[in-house]
Amino acid sequence: MTIKYVFSNIKSEGVESYMMIRGAGILLPISSLPSSYGIGTLGKEAYGFVDLLVDIKQKYWQVLPIGPTTYGDSPYQTVSVFAGNHYLIDLDLLVEEGLLKSEEIREYNWGSEYSRVDYEAIYESRYRVLYKAFERFNINDDDFREFDENNDWWLDDYSLFVALKQTGNSGSWTSWDQSIKDRNKEVLELQKKKNFSQINFVKFCQYEFWKQWIRLKEYANSRGVSIVGDIPYYVALDSCDVWCNPERFRIDSDGKPDYVSASVPDKFSSKGQIWGMPLYDWASNEEEIIKWWQSRIKWAAEKFDIIKFNHFSGIIKDYAVPYKAVDLKKAKWFKGPGRKFVNAINQVVGETPIIADTYCGRALIPGVNKLLKKAGWLGTKVLMFAFDDDTSNEYLPHNYDNTEVVVYAGTHDNDTLVGFFRNKTEFELAYLYEYLNITDRKEIPDGIIRAAYQSIGAIAIIQMQDILGLGNEARMNYPSTVGYNWRWRLNSDRLSEKRRTWIRNLAAIYRR
């Protein structure tokens with residue numbers, strides 16, 4: 001059963017848009033769920049979280065990207081835009097299938113910190129235990145063969161790419177032997193035969209991931225909860241997507257980009273950010289890139305109930321720096337595909353609504369709001385950035401001019417609410433106190449959550465860390481840093497009945 005929270009189609013300037021059912025939700029990555037095996041999974045705790053959402057009257061669960069991560073563990077830099085992250089496969093469900101034994105899972109080290117993902121431990125152990133399951137799996141199983149055939153358009157390349165990395169080509173594909181790097185057909189055929197078993201293992205992991213994902217989504221939908229899935233705009237250089245189709249990106253014959261993606265200084269990072277992903281080669285291959293994007297969106301529309309489109313402003317302009325630059329001194333702007341791109345997306349997305357991430361660098365990129373209106377997608381507002389004493393601040397709820405926005409208290413790239421306001425002076429907080437009608441710093445997080453629920457925005461999304469009232473020890477990501485991000489997990493933190501009652505009441509009072 002698939003639930004679309006849409007109650008009317010609206011024609012605006014010739015563009016079809018969707019008015020969303022008013023509701024609230026929680027932002028929590030799958031990886032942040034509790035589990036006994038080092039990282040959150042698609043198993044029991046995920047179903048339990050859906051039940052929690054239902055109990056506290058939430059209609060939406062937003063997850064971060066669910067693709068297989070690469071260096072730095074960022075879900076926004078994945079090995080493939082179509083694959084699922086094998087780290088998130090639930091091992092207990094494989095035990096139920098008879099593919100693993102519980103004692104086999106316990107033989108491995110999954111990390112010593114229950115509240116943090118130990119990616120090094122996960123990297124060392126996950127493939128080993130999954131391979132045990134694969135050795136017991138029948139690759140002639142009818143459902144598996146059907147999955148393989150239905151997804152061969154992306155799965156064949158992805159499974160070969162990962163198999164090559166697992167069998168001696170661990171570095172970036174740009175450092176591989178020239179014949180493999182250039183995808184010589186005869187050489188690749190030899191590699192497919194040589195790595196036949198490893199390729200089937202990768203396909204098995206994808207089969208199990210998507211089987212578990214679809215079942216979880218169906219359960220959420222059956223309980224009235226819609227899944228919001230995040231789609232990154234850029235893709236990692238060391239990815240199957242770039243290796244297989246280098247002509248779509250601004251890279252030379254050796255795979256070296258001329259410029260890489262970056263972000264202007266903003267409220268997420270005062271010095272700006274260097275993301276490091278290659279730019280699309282719109283000037284040379286616009287039609288092909290757009291067709292590829294259409295396949296991405298159709299794929300995402302099958303897997304999620306709502307799509308969160310990351311970095312909407314990139315459609316208008318890319319902000320980029322030279323490859324291997326260490327700062328933004330030589331940053332440049334490059335023209336994006338604009339209206340043609342959003343029109344192409346709208347042709348294939350069907351009734352799946354899209355949320356546009358519009359809050360990054362907006363002031364320096366004219367045309368964002370104009371293109372958003374033409375696209376018919378929902379915009380975003382972040383309340384954490386609202387209280388700077390400017391009564392015309394676009395993030396303040398009294399300045400919202402339509403309901404087609406998603407209101408966030410904060411995002412995975414920010415401090416938590418507790419952390420953000422902890423060191424503010426009383427002078428800096430004076431306007432916020434007046435606006436939220438509160439008198440104490442301790443009241444700020446709940447005051448902002450209430451303001452999100454009160455707003456006219458169709459959807460209010462709150463990070464789980466802010467629901468729990470946690471400080472920056474629970475922060476998910478520090479932009480422009482590598483090594484300690486994307487690790488936070490729920491452990492003993494649970495919502496008390498008093499807290500649940502408060503959230504239920506907010507949802508009822510403000511018709512969410």
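No hydrogens, no waters, no symmetry mates; every other heavy atom, side chains included, goes into these values.
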Original post:
Parallel, tilted or perpendicular: which describes the rings of Phe161 and Trp243, with under 30° parallel and over 60° perpendicular?
Top reply: tilted

**OP:** Look at the aromatic rings of Tyr47 and Tyr219 and report parallel, tilted or perpendicular, splitting at 30° and 60°.
**Re:** tilted

Original post:
So which heavy atom on Lys303 is nearest to which on Lys217, and how close?
Top reply: O-CD, 3.2 Å

Original post:
Looking at Asp413, Thr416, Asn414, Asp415, which hits side-chain hydrogen bond (donor to acceptor under 3.5 Å, both in side chains) with Arg475?
Top reply: Asp415

Subject >> Minimum heavy-atom distance Cys205-Leu130, with the two atoms named >> reply: SG-CD1, 4.0 Å

Original post:
How are the rings of Phe309 and Trp293 set to each other: parallel, tilted or perpendicular (split at 30° and 60°)?
Top reply: tilted

**OP:** Classify the side-chain pair Tyr234/Asp318 by whether it contains a donor and acceptor separated by less than 3.5 Å.
**Re:** yes

Original post:
Parallel, tilted or perpendicular: which describes the rings of Phe204 and Phe137, with under 30° parallel and over 60° perpendicular?
Top reply: tilted

Original post:
Between Trp154 and Arg296, is there a cation-pi geometry (under 6.0 Å to ring centre, at most 45° from the normal)?
Top reply: no

Original post:
Should the pair Trp292 and Tyr280 be assigned to parallel (<30°), tilted (30 to 60°) or perpendicular (>60°) ring geometry?
Top reply: tilted

Original post:
Which word best sums up how the rings of Trp275 and His311 line up, parallel for under 30°, tilted for 30 to 60°, or perpendicular for over 60°?
Top reply: perpendicular

**OP:** For the residue pair His412 and Trp486, categorise the inter-ring angle as parallel (less than 30°), tilted (30 to 60°) or perpendicular (more than 60°).
**Re:** tilted

Subject >> Partner of Tyr408 under side-chain hydrogen bond (donor to acceptor under 3.5 Å, both in side chains), chosen from Gln62, Lys381, Gln463 >> reply: Gln62

**OP:** Check the angle between the aromatic planes of Phe209 and Trp213 and answer parallel, tilted or perpendicular using the 30° and 60° thresholds.
**Re:** parallel

